[in-house]
Amino acid sequence: DAGVTQSPTHLIKTRGQQVTLRCSPKSGHDTVSWYQQALGQGPQFIFQYYEEEERQRGNFPDRFSGHQFPNYSSELNVNALLLGDSALYLCASSLAQGSGNTIYFGEGSWLTVV
Amino acid sequence: AQSVTQLGSHVSVSEGALVLLRCNYSSSVPPYLFWYVQYPNQGLQLLLKYTSAATLVKGINGFEAEFKKSETSFHLTKPSAHMSDAAEYFCAVSRRTNAGKSTFGDGTTLTVKP
């Protein structure tokens, strides 16, 4: 049973560029949440997708957008990259109901903006 | 709104000594509480979670935590530290209706001395 998988694992982008990160949730899970973890800090909630719609959103600008596909996989898009967007981006999957609300994290995508 | 405060950004113990990592939370609704461990360059691994059943929660690798509502605390303990316990530890809180949207503390780095 595959867990949460994320791609790419590492990438380097230039300021002003756009980036797309991808996430496949754990088998059977229907909800995907995205987090940003800056160096030396705890993860911060970006947004959550369920039934292909953004269900919850944290305090992040509109440059951060996402999408969920019918197979429950998800993408995180960041436009007009800033140096401060350099971070580990974590995807977490869960079931909307049941399972004691356990969430599973992927290994993350390391984004460096230069 | 929910928040987490982890007291002590760095904790150092000797191998075999008691591990105590402190976490205090704030929540306007009954919460779920979690402890995660993060090894260098890896994602988050769930150690244990409190979901309103027993207040003393046992997790993996010999860790346990006690939910104390009166003190709004959820401290993590392990009777005897092992070298492999050296890592970053995060406490997190969420609403019971949506664990996917968790609020994390800033983390505590645990160092284990031989």
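Letters A, B, ... are given to chains in the order of the sequence lines, protein chains preceding strands, and every chain is numbered from 1.
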Checklist outcome for this item: Within residues 48-56 of chain A, contacts to chain B at heavy-atom distances under 4.5 Å involve A:Q48, A:R55, A:Q56
Next on the checklist: For B:S102, which atoms come within 4.5 Å of any heavy atom of chain A: side chain, backbone, both, or neither?
Outcome noted: both
Checklist entry - Rounded to the nearest 0.5 Å, what separation is found between the NZ atom of B:K101 and the OH atom of A:Y35? => result 9.0 Å
Item to check | Crowding at CZ, A:R57 (>12 non-hydrogen neighbours, <6.0 Å) | outcome: yes
Checklist entry - Rounded to the nearest 0.5 Å, how far apart are CD of A:Q37 and CD of B:E88? => result 8.0 Å
Next on the checklist: Would you compute the distance between atom CG of B:N41 and atom CG of A:L88 and round it to the nearest 0.5 angstrom?
Outcome noted: 9.0 Å
Next on the checklist: Quick check on the 6.0 Å ring-centre criterion: do B:F104 and A:F45 meet it?
Outcome noted: no
Checklist entry - When clusters are formed by joining ILVMFWY residues with side-chain heavy atoms under 4.5 Å apart, either directly or through shared neighbours, do B:F34 and B:V93 land in the same one? => result no
Next on the checklist: Minimum heavy-atom separation for A:S94 and B:G100, please, with both atom names.
Outcome noted: OG-CA, 4.4 Å
Next on the checklist: Using the ring-ring contact (aromatic ring centres under 6.0 Å, His included) criterion, which residues pair with A:H67? Sequence neighbours excluded.
Outcome noted: A:F69
Checklist entry - In terms of heavy-atom contacts, does CG of A:L39 have more than 12 from other residues, nucleotides or ligands at under 6.0 Å? => result no
Next on the checklist: Check for me, please, whether B:L48 and A:I103 land in the same ILVMFWY cluster - side-chain distances under 4.5 Å, paths through other members count.
Outcome noted: no
Checklist outcome for this item: The side chain to side chain contact (heavy atoms under 4.5 Å, CB included) partners of A:Q41 (sequence neighbours excluded) come to A:A38
Checklist entry - Which pairs pass ring-ring contact (aromatic ring centres under 6.0 Å, His included) with one or both residues in residues 81-100 of chain B, sequence neighbours excluded? => result B:F63-B:Y89
Checklist entry - Is there a path from B:V112 to B:L18 through hydrophobic residues (I, L, V, M, F, W, Y) whose side chains come within less than 4.5 Å of each other? => result no
Checklist outcome for this item: Nearest heavy-atom contact between A:F105 and B:L44 is CB-O, 3.6 Å
Item to check | OH on B:Y36 to CG on A:L90, rounded to 0.5 Å | outcome: 10.5 Å
Item to check | Co-membership, hydrophobic cluster, residues B:W35 and B:I60, 4.5 Å side-chain | outcome: yes
Checklist entry - Considering residues, nucleotides and ligands other than A:N71, do more than 12 of their heavy atoms fall under 6.0 Å from its CG? => result yes
Item to check | Heavy-atom contact with chain A under 4.5 Å, split by part of B:Q38 | outcome: side chain
